[in-house]
Amino acid sequence: MTRPGGRIVMGNALAVTVLACSAMPVLAQTWPFPWPEDRIARYTARRASSPLVIDGRLDEADWQAVERSPRFADLIGGRPGIHDTRAAVLWDDTYLYVGYWVEEPFVEATLTERDALIYEDNDVELFIAGRDAYYEFEINAFATIYEVFFIWEREFESSGYSRRPEFDRSRPGVKPFTGVGFKEHPRGPRLGYWNWDMPGLESAVHVDGTLNDHTDRDRGWTAELRIPWRSLEPLAMPDGRALPPRDGDEWRMDFSRFNRYKEAPPANDPGGWAWSPHGVWDSHIPELFTRVRFSTEPLGRK
């Protein structure tokens, strides 16, 4: 949650928070996290056939052909969300691409300042986790974005972050962070860089309806982002993972949606849905992120 930016084509709150985490350290003999390890989602990301235009519409042939996630489910309990939300990943040698399809009958957004608290709007979020750090991205229907970069405190020195000027912990916007609803993470606290801007990030939103007009019903909105692989180097640094990934490489990524409204009782809707649930009100658990395997196979082949 950092600040809004990106191009608006028409959109609703979409927050993405990105984390890149492939080889997570072994933390304990027993699984210490609030969602079963064998129920963590898996996905194979295939190569785009050509560079994608980032306009938020997701109407290129590759986005039409890509395998989409299942319907997002309640972040805590895993029940399907009242409205359909799906995501997908594509890639090429230069970029990582992520798309979201968001069903929403009344598309709305309020925040227009970059790095405003976008999670207070309806949004979609992306987290990308590396071994010792992760990135969070959020976006709303105005295409306003929020970004944060988190480093595990214990690994700040050993992974080399302390030697890089951009991760000077005395800079404005750097604060300790212990999580949201899962405060006793086995890896301990994190350093959050609320001053972080992902180099080369492009994002856009398209609204299929009328933004902030409740006199009619909307179909929803779509969000699209593109991140240069070279910009993920701070996430790849600790374990030296390849950028772009090699065939079969795995990254941990989290895809979620948060809403100011909730499904009416008796449903126990927390207002947050995800591709892979967490069992607790907290997106900041990289060990529970979707396991995304990168394949050099192009779209259309299994």
Side-chain angles (χ1 to χ4, degrees), residues 6-7 14-24 40-70 86-101 124-131 133-139 145 147 149 198-206 222-256 274-276 286 289-302:
R7 187 174 54 163
L14 161 73
V16 207
T17 297
V18 181
L19 293 113
C21 144
S22 174
M24 288 293 180
I40 296 172
R42 295 175 179 267
Y43 179 78
T44 298
R46 301 189 186 279
R47 289 182 62 93
S49 62
S50 60
L52 300 174
V53 175
I54 306 304
D55 58 9
R57 293 180 176 272
L58 304 181
D59 55 2
E60 293 98 332
D62 281 355
W63 283 125
Q64 296 301 308
V66 73
E67 179 184 359
R68 301 183 191 181
S69 72
R86 299 176 191 260
V89 178
L90 290 166
W91 69 290
D92 57 29
D93 286 343
T94 308
Y95 297 107
L96 170 70
Y97 304 95
V98 180
Y100 292 81
W101 291 261
V124 292
E125 305 186 5
L126 168 67
F127 286 76
I128 302 174
R131 192 189 72 182
Y134 61 92
Y135 166 75
E136 176 182 8
F137 169 89
E138 304 179 3
I139 189 169
I145 71 168
E147 300 174 273
F149 193 95
M198 180 65 74
L201 169 72
E202 295 184 52
S203 58
V205 168
H206 172 73
T222 47
E224 182 177 23
L225 65 151
R226 179 171 73 184
I227 300 174
W229 285 114
R230 67 176 182 274
S231 298
L232 295 177
E233 184 274 336
L235 293 173
M237 175 182 68
D239 55 7
R241 69 184 62 183
L243 293 173
R246 302 185 185 94
D247 185 44
D249 281 1
E250 182 180 278
W251 285 66
R252 305 297 288 271
M253 304 172 68
D254 196 56
F255 311 82
S256 57
W275 182 336
S276 194
F289 291 178
T290 297
R291 306 175 74 105
V292 179
R293 184 181 69 86
F294 288 88
S295 170
T296 54
E297 293 284 348
L299 283 172
R301 295 174 59 184
K302 301 295 185 183

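Computation of the quantities below employed the complete heavy-atom set of this structure, encompassing side-chain atoms and omitting hydrogens, waters and symmetry-equivalent molecules.
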Seminar exercise, completed: Across all chains, not counting sequence neighbours, the side chain to side chain donor-acceptor pair (under 3.5 Å) partners of W63 are E224
Exercise. Within a strict 4.5 Å, meaning less than it, do heavy atoms of the V98 and M253 side chains meet?
Worked result: yes
For this session: Taking only Lys NZ, Arg NE, NH1 and NH2, and the carboxylate oxygens of Asp or Glu, determine whether E202 and R226 approach each other closer than 4.0 Å.
Result: yes
For this session: Please identify each residue that fulfils side-chain contact (heavy atoms from CB on, under 4.5 Å) with P238, with sequence neighbours left out.
Result: R131, D132, S159, Y161
Problem set entry | Pairing residues for D247 by the side chain to side chain donor-acceptor pair (under 3.5 Å) criterion, not counting sequence neighbours | T296
Exercise. Is the side chain of S231 donor-acceptor paired with the backbone N or O of P199 at a distance under 3.5 Å, no angle test?
Worked result: yes
For this session: Considering non-hydrogen atoms only, spot the tightest contact between V66 and L299 and give its length.
Result: CA-CD2, 3.9 Å
Seminar exercise, completed: Heavy-atom closest pair (Q64 atom, L58 atom, distance to 0.1 Å) is NE2-O, 2.9 Å
For this session: Please work out which of the three classes, parallel, tilted or perpendicular, describes the rings of W251 and W229, given edges at 30° and 60°.
Result: tilted
Problem set entry | Test side-chain contact (heavy atoms from CB on, under 4.5 Å) applied to E67 and R46, step by step | CA-CA 9 Å; E67 179 184 359; R46 301 189 186 279; 5.6 Å; no
Problem set entry | Heavy-atom pair of closest approach, residues D92 and P51 | OD2-CA, 4.3 Å
Problem set entry | A61: partners by side-chain contact (heavy atoms from CB on, under 4.5 Å), with sequence neighbours left out | none
Problem set entry | Any side-chain heavy-atom pair of Y95 and L52 under 4.5 Å | no
Exercise. Okay, side chain of E297, backbone of A45: is any donor-acceptor separation there less than 3.5 Å?
Worked result: no
Exercise. Would you say E136 and D254 make side-chain contact, with heavy atoms under 4.5 Å?
Worked result: no
Exercise. Which pair of non-hydrogen atoms, one from P228 and one from G200, has the smallest distance, and what is that distance?
Worked result: CD-O, 3.5 Å
Problem set entry | R241/D249 under side-chain contact (heavy atoms from CB on, under 4.5 Å): CA gap, chis, key distance, verdict | CA-CA 9 Å; R241 69 184 62 183; D249 281 1; 5.5 Å; no
For this session: May I ask you to check if R47 and W91 form a cation-pi contact, with NZ or CZ under 6.0 angstrom from the six-membered ring centre and within 45° of the axis?
Result: yes
Exercise. For S49, which residues count as a side chain to side chain donor-acceptor pair (under 3.5 Å) partner, sequence neighbours excluded?
Worked result: D62
For this session: To the nearest 0.5 angstrom, please state how far the OG1 atom of T290 sits from the CH2 atom of W275.
Result: 5.5 Å
For this session: Check whether any side-chain N or O of S276 sits under 3.5 Å from a backbone N or O of F289 as a donor-acceptor pair, and report yes or no.
Result: no
Problem set entry | Chi angles and distances behind the side-chain contact (heavy atoms from CB on, under 4.5 Å) call for F149, L235 | CA-CA 9 Å; F149 193 95; L235 293 173; 3.7 Å; yes
For this session: Only counting residues at least two apart or in another chain, list the ones meeting side-chain contact (heavy atoms from CB on, under 4.5 Å) with R293.
Result: T44, S295
